[in-house]
Amino acid sequence: MPKTITPRSEDYSRWYTDVIIQSQMADYSPVKGCMVIRPLGYAVWEEIQKDLDARFKATGHQNAYFPLFIPESFLHREAEHVKGFAPECAVVTHGGGKELEEPLVVRPTSETIIYAMYAKWIRSYRDLPVLINQWANVVRWEMRTRLFLRTTEFLWQEGHTAHATEADAEEEVLRILEIYRSFIEEKMAIPVFTGRKSESEKFAGALRTYCIEALMQDGKALQAGTSHNLGQNFSKAFDVKFQTAEGDWAHVWQTSWGVSTRLIGALVMAHGDDNGVNFPPRLAPVQVAIVPIWKTEEEKARISEAVRQAIDILQPSLRVKADLREEVSPGWKFNEWEIKGVPLRLEIGPKDLEKDQMMAVRRMDRRKTPVPRGSLLASVTSLLDEIQRDMLERGRSFLRDNTRDARDYAEFQKSIEEAGGFYRAHWCGSAQCEQQIKDETKATIRCIPLEGNQEEGKCLRCSAPSREWVYLARAY
RNA sequence: CGGGGCGUAGCGCAGCCUGGUAGCGCAUCUGCUUUGGGAGCAGAGGGUCGGUGGUUCAAAUCCACUCGCCCCGACCA
């Protein structure tokens, strides 16, 4: 039997692209670097949105929307920010048939346009904190793109908050980091490391950047989310001031944070296999696919009735789909739902009906479990929970097995080349060592753990004394 | 912008080295048989071989140019 998706262990990029296109999550568009998100891919995004949105609202945030176009001069107000983003900006120079007086930048991120508004909205300490999130698209003209991981245009959410004190801003940044971590681990079933970025890796214009780092199956790290403490860099540039209770004037302390459609790429890379994508139950657009099997007309009548009953029972609490097509065989359907990542399949045929059961098959390992029709909802629900747990656990083992200590530089160079993965390594803190490691091994400092990494040691690169270790990896 | 690879039927590919007028799988259509892991058999339809120019009696094949795509780098809060 010809398989649609072939093993690509020797070519992970190709496998990744094939899986996405064949599962119909996304397509290349006529414009290079831009991606068409098809209904399946968008459904995953909607699940991500739904969940994160609820978490943001539960912590007091509100959604709002700001313009796609940003006057070019806004970008220039914060020196570091423009340095980081100017090279990748798309710029509109004409409108209404005329050349514009001032070019408009298509937002690569919205700090500037949003803080220009905050300057008007914020007057008093009573106006703070401002806790706003925006669901939007942004455009960054990267030299090289990859479906979901780095596209010219992508969808994301960007939170922008303003606080009265530095402590409040720092608390917010860490609160969001924890929201991202728990979402990615609990819903996406992807274990992660969290921490702080080094100076060279932080956001253009931030005081400090915190991040979530995950490990893909080919041993490369992927940044899955970021949360920035902007300090007063932007509030000074945009003059966002408030009057304190004491009557003084002060600049606000700000944060910004975001996750993007890149998360979908993480999902594909972390859980996919040669049978297609593989979604964890809590995030899967379709959690259960029911595939009926019949030969005779009489069987068809009985079995479709049983399917209808199953749907009535499961539909109210689960995202379930009955595949009653007659033009394709059951075997076809099995494969199709697997390619599309449905975590649990329920088969029902004459043999099952006799035993008053349905056959449940897990997408992740094809393990079969008969479930009694009498306790269908409870059984299916517990199977889905089990799959969710097992997927996360499998990811944890993988992350554990691929996180190593690096003490000797030569050994580290050899190991990262052969095995990839994360490395715990002491770093003296100098930008020079960081750069040399990058040049010599392509590995970067993915994050500096927030705790648990205090330990006396020697820098991996220069052997100077070091008080803490960091995570190194090659990254997407 | 460098390095590598690929453009041949709707999709995936072979043929090219060594020129001789285009083939395979999937899909499609017809008929019969088929449903617990992508059905089987028999038959049918479908392609100015990315484009332009050159060499030749003859070009998918050789040469030059050109366009497009993919991968690896450079780049990338």
Side-chain angles (χ1 to χ4, degrees), chain A residues 1-6 8 10-18 21-22 28-33 78 80-89 107-111 138 140-147 149-152 154 156 158 197-211 222-223 225-230 233-234 255-260 262 275-276 291-297 299-300 303 323-339 345-354 358-359 361 366 368 370 438-439 442 444 474-476:
Chain A
M1 302 301 161
K3 277 269 182 177
T4 314
I5 297 168
T6 53
R8 296 284 187 184
E10 79 288 355
D11 190 346
Y12 195 78
S13 296
R14 180 73 190 276
W15 165 82
Y16 174 75
T17 305
D18 280 0
I21 291 178
Q22 289 178 28
Y28 288 111
S29 81
V31 178
K32 196 168 152 60
E78 211 288 332
E80 290 299 315
H81 192 64
V82 69
K83 218 164 75 188
F85 282 104
E88 56 191 73
C89 283
R107 62 179 167 220
T109 179
S110 306
E111 275 77 5
V138 287
R140 294 181 187 179
W141 218 271
E142 305 284 1
M143 285 175 175
R144 206 164 142 221
T145 58
R146 190 191 280 276
L147 292 179
L149 297 185
R150 186 175 296 108
T151 47
T152 301
F154 57 96
W156 75 348
E158 49 180 323
K197 282 292 187 196
S198 67
E199 279 301 299
S200 73
E201 297 274 330
K202 76 178 188 188
F203 178 72
L207 204 60
R208 276 189 294 280
T209 288
Y210 296 92
C211 65
L222 181 72
Q223 180 171 308
T226 47
S227 182
H228 316 290
N229 185 331
L230 302 176
N233 292 346
F234 284 90
T255 82
S256 70
W257 28 274
V259 296
S260 71
R262 170 180 269 203
N275 299 315
V291 178
I293 297 151
W294 59 63
K295 288 188 176 65
T296 64
E297 281 298 311
E299 282 171 355
K300 179 176 150 187
I303 287 165
D323 191 346
L324 295 168
R325 287 177 297 173
E326 297 191 36
E327 65 277 12
V328 295
S329 67
W332 178 276
K333 294 173 185 174
F334 296 165
N335 283 287
E336 186 164 295
W337 292 113
E338 276 176 14
I339 291 171
R345 175 175 77 239
L346 283 176
E347 304 174 10
I348 181 159
K351 291 182 218 163
D352 299 305
L353 215 49
E354 264 174 43
M358 293 177 90
M359 190 59 80
V361 185
R366 294 195 183 176
K368 294 190 178 189
K438 185 177 178 180
D439 293 343
K442 294 184 208 160
T444 48
R474 287 185 179 168
Y476 276 99

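Letters go in sequence order (proteins before strands), and every chain restarts at 1. Only a predicted model underlies this, so the values are computations on that prediction, with no experimental measurement involved.
In this structure, B:C49 forms no base pair with any nucleotide, since neither Watson-Crick nor G-U wobble geometry is met with both distances under 3.5 Å. With a cut-off of 3.5 Å on both pairing distances, B:A14 has no Watson-Crick or G-U wobble partner at all. Nucleotide B:A44 forms a Watson-Crick or G-U wobble pair with B:U28, both donor-acceptor distances falling under 3.5 Å. In this structure B:A60 sits in no base pair that meets the Watson-Crick or G-U test at under 3.5 Å. When both pairing distances are held under 3.5 Å, B:G2 makes a Watson-Crick or G-U pair with B:C72. Checking B:G19 for Watson-Crick or G-U wobble geometry (two distances, each under 3.5 Å) identifies no partner in any strand. With a 3.5 Å ceiling on both atom-pair distances, the Watson-Crick or G-U wobble partner of B:G7 is B:C67. Applying the Watson-Crick and G-U wobble criteria (two distances, each under 3.5 Å), B:A39 pairs with B:U33.
Note on ring orientation: taking the six-membered ring where Trp is involved, the planes of A:F85 and A:H81 are tilted (angle from 30° to 60°).
Side-chain proximity of A:W294 to the nucleotides B:A77, B:U35, B:G38 is greatest for B:U35. With B:A77, B:C71, B:C75 as the choices, the nucleotide that has an atom nearest any side-chain atom of A:S13 turns out to be B:C71. Distance from the side chain of A:Y28 is smallest to B:C70 among B:G36, B:A74, B:C70. For A:D352, counting side-chain heavy atoms from C-beta on, the closest listed nucleotide (B:G37, B:A77, B:G36) is B:G36. Comparing B:U35, B:G38, B:A77 against the side chain of A:K295 picks out B:U35 as the nearest. Nearest nucleotide to the side chain of A:T209, out of B:C71, B:G36, B:A77: B:A77. The nucleotide whose nearest atom lies closest to any side-chain atom of A:R140 is, among B:A77, B:G73, B:C75, B:A77. Counting only heavy atoms from C-beta on, A:P350 has its side chain closest to B:G36 among B:C76, B:G37, B:G36.
Remark: A:S329 is in phosphate contact with B:A39, judged by side-chain N or O atoms under 4.0 Å from OP1 or OP2. Remark: A:K32 is in phosphate contact with B:C70, judged by side-chain N or O atoms under 4.0 Å from OP1 or OP2.
For B:U66 and B:A27, the P atoms lie 41 Å apart once the distance is rounded to whole Å. Rounded to whole Å, the P atom of B:G25 lies 25 Å from the corresponding atom of B:G37. Of the P atoms belonging to B:C13 and B:U52, the separation is 24 Å, rounded to the nearest Å. B:U8 and B:A44 have their C1' atoms separated by 22 Å, with the value rounded to a whole Å. Comparing B:G68 with B:C41, their C1' atoms sit 42 Å apart, to the nearest whole Å. Nucleotides B:A74 and B:C6 are separated by 22 Å at their C1' atoms, to the nearest Å. For B:A9 and B:A60, the C1' atoms lie 14 Å apart once the distance is rounded to whole Å. Taking atom C1' in both B:U61 and B:G2, one finds a spacing of 30 Å when rounded to whole Å.
One can place CZ of A:R366 at 11 Å from P of B:G37, the figure rounded to the nearest angstrom. Atoms CG (A:L149) and P (B:C76) sit 17 Å apart, rounded to a whole Å. Distance A:E111 CD to B:A77 P: 13 Å, rounded to the nearest Å. A:D439 places its CG atom 9 Å from the P atom of B:A74, with the value rounded to the nearest Å. Between A:W332 atom CH2 and B:A39 atom C1' there is a gap of 11 Å when expressed in whole angstrom units. To the nearest angstrom, P of B:A39 lies 13 Å from CD1 of A:I293. Between A:E297 atom CD and B:U35 atom C1' there is a gap of 12 Å when expressed in whole angstrom units. For the pair A:N233 CG and B:A77 P, the computed distance is 16 Å after rounding to whole Å.
Between the A:T17 side chain and the A:S13 main chain, a donor and an acceptor come within less than 3.5 Å of each other. Looking only at distances, no side-chain donor or acceptor of A:Y476 sits under 3.5 Å from a matching main-chain atom of A:R150.
A:R325 comes within 4.0 angstrom of nothing in the nucleic acid, heavy atoms only. Across all strands shown, A:W257 has no heavy atoms under 4.0 Å from either base or sugar-phosphate atoms. Residue contacts for A:P108: at a heavy-atom cut-off of 4.0 Å it reaches no nucleic acid atom on any strand shown.
Between A:S260 and A:T145, the residue whose closest nucleotide on RNA chain B is further toward the 5' end is A:T145. A residue-by-residue look at A:K202 and A:E326 shows that A:E326 has its nearest nucleotide of RNA chain B further toward the 5' end.
Nearest heavy-atom pair across A:E80 and A:A204 is O-CB, 3.4 Å. The minimum heavy-atom distance linking A:R325 with A:K333 is given by the pair O-NZ, 2.7 Å.
Judged by the 6.0 Å distance and 45° axis criteria, A:R262 is not positioned over the aromatic ring of A:F154.
Crowding of A:W156 atom CH2: a count of heavy atoms from other residues, nucleotides or ligands under 6.0 Å exceeding 12.
Under the side-chain hydrogen bond (donor to acceptor under 3.5 Å, both in side chains) rule, A:T209 has a single partner from A:K202, A:H228, A:E199, A:Q223, which is A:H228.
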